[in-house]
Trainee: 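Take this structure first; my questions come after.
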Amino acid sequence: MLMFTFVTKNSSSRHASRLLTCGGPCTVSIMSVFMDLNLIQNQTEDRSGLKSLIETAAHLGFSTVAVNYVFEPTTKKKQNIPSPTPINELIDQLPIVQGRSRPIRVLNRLTIVMSDSSHYRPTAAEYRRFDLLAVYPTTEKLFHAACMTYDVDIICISVTEKLPFFFKRAPVNGAIERGVAFEVSYSAAIRDATMRRYTIANAIALVDTCKGKNVIVSSAAEKRLELRGPHDAANLSLLFGLSDADAKEAVSSTCRSVVLHAERRKSAGGIIHTTKTSPEETPPTPDDRDAPAAKRAKPLETE
Amino acid sequence: MRRDADKEEAAVYQRVVRKNGAPYHYLKTHLVLEDESVRLSAVELKLFIISGLKNLYGEVGAALTFDLLKYNEDTLSALLRVHSRGLVKLWSSLTLLGSFQGQACCLQGPAGVSVPAGAVRKQS
């Protein structure tokens, strides 16, 4: 849905403005591009389904999407982790994002459905073939471990059943500190009224605990018609208890930080900051001298 | 179908900042159905939207007043007007509408969705 506000009374010149916040006064902020980090890759279906999904996502204005490969290990027999299909094999030419005149960026994502701690193998080489790594913990113990120790990018929240455990503040804060995001997907809510109750209830429980930080909203769409536009998703996440600003970030800048977190995880593992240490090279500026002593930059002690 | 509508309206953007919230908000929406041959009248569309509101917000939500200002039966695109108070409710219920008479459907914004915030869309 597009939201318009008519700014002229003259109805023949159809001016309309779009507001960033919903319903309230308009605030303008710098926004990053929209992302949907969960398009389900259906193993049984042919490629045309995924192709039309990506085309629809580009049409709706998503600049980056991630194709999600769900891996559900069972205890009985050993299964192979799926390997991602390179995107140029799926689609010859990537569709152009609506309004940005730039082709859509497609990432690969692996989601591990965990019911036992042995399902996540930190050193598995198979994980390195994916751009993003997500886990879906089904018990409280695994949720705690995923938040505090696992080197993943996304923790999925159950949307199809009643919350199996209570979100405690300690692991959730730990995950926020480490830059791991929580994901709520909305396509189950579109499919079924009961799922909708669970989605909203679980999302509100999560947002209460994490205070709206590090939450991403994604589609988990299998079909073209289950995908919604980025503004629709942002408006929908207001229902989950997010504030206007957090709702926008849930489809844009939080997703961006997830992608950056994934890049950090795949590379050597850190960012190096360099700062000047010698005080002689930075004489205080006139502004600095006028400032009260407490606000002046402290000269470094060199002992 | 949508692509054709896209080509017709060459959009020009200009930035406008509002200090006060507007009394009404207008939603331009477009119904996409699995079976593209299905046509429905304006009354049916309004009833469909009200049923969505009722599903999500119950009787109180169904009592939300909104107007269907324009409706094009050929392209299934509609212009809704709603009081700003009811915007989030109406919009979210439109987002969560997923099936029309048993077939999958989707209410989307018009082409050119990704307009930066505060931009004005001027249609020629």
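Naming convention: chains lettered A, B, ... in sequence-line order (proteins, then strands); numbering from 1 in each chain. The basis for the numbers below is simple: all heavy atoms, side chains too, and nothing from hydrogens, waters or symmetry mates.
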Trainee: As an exercise, state the distance from CG of Leu239(A) to OG of Ser93(B), rounded to the nearest 0.5 Å.
Mentor: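 The CG atom of Leu239(A) sits 9.5 Å away from the OG atom of Ser93(B).
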Trainee: So which heavy atom on Arg196(A) is nearest to which on Leu56(B), and how close?
Mentor: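 Looks like CD-CD1, 3.5 Å.
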Trainee: Measure distances from Leu97(B) to the heavy atoms of chain A and classify the residue's part below 4.5 Å as side chain, backbone, both or neither.
Mentor: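 Backbone of Leu97(B) only, per the 4.5 Å heavy-atom cut-off to chain A.
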Trainee: Return the CG to CG distance between Leu27(B) and Asp232(A), rounded to the nearest 0.5 Å.
Mentor: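 Spacing of CG (Leu27(B)) from CG (Asp232(A)) equals 9.0 Å.
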Trainee: Does CZ in Arg81(B) sit with more than 12 non-hydrogen atoms of other residues, nucleotides or ligands closer than 6.0 Å?
Mentor: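 More than 12 heavy atoms, drawn from other residues, nucleotides or ligands, come within 6.0 Å of this atom.
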Trainee: Looking at Ala189(A) and Leu96(B), what are the two nearest heavy atoms and their distance?
Mentor: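 In terms of heavy atoms, the two residues are closest at CB-CD2, 3.9 Å.
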Trainee: What do you reckon, is NZ of Lys46(B) surrounded by more than 12 foreign heavy atoms closer than 6.0 Å?
Mentor: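 Enclosed.
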Trainee: Taking all atoms of both residues into account, what is the closest heavy-atom pair of Leu225(A) and Leu33(B), and its distance?
Mentor: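 Residues Leu225(A) and Leu33(B), closest heavy atoms: CD1-C, 4.3 Å.
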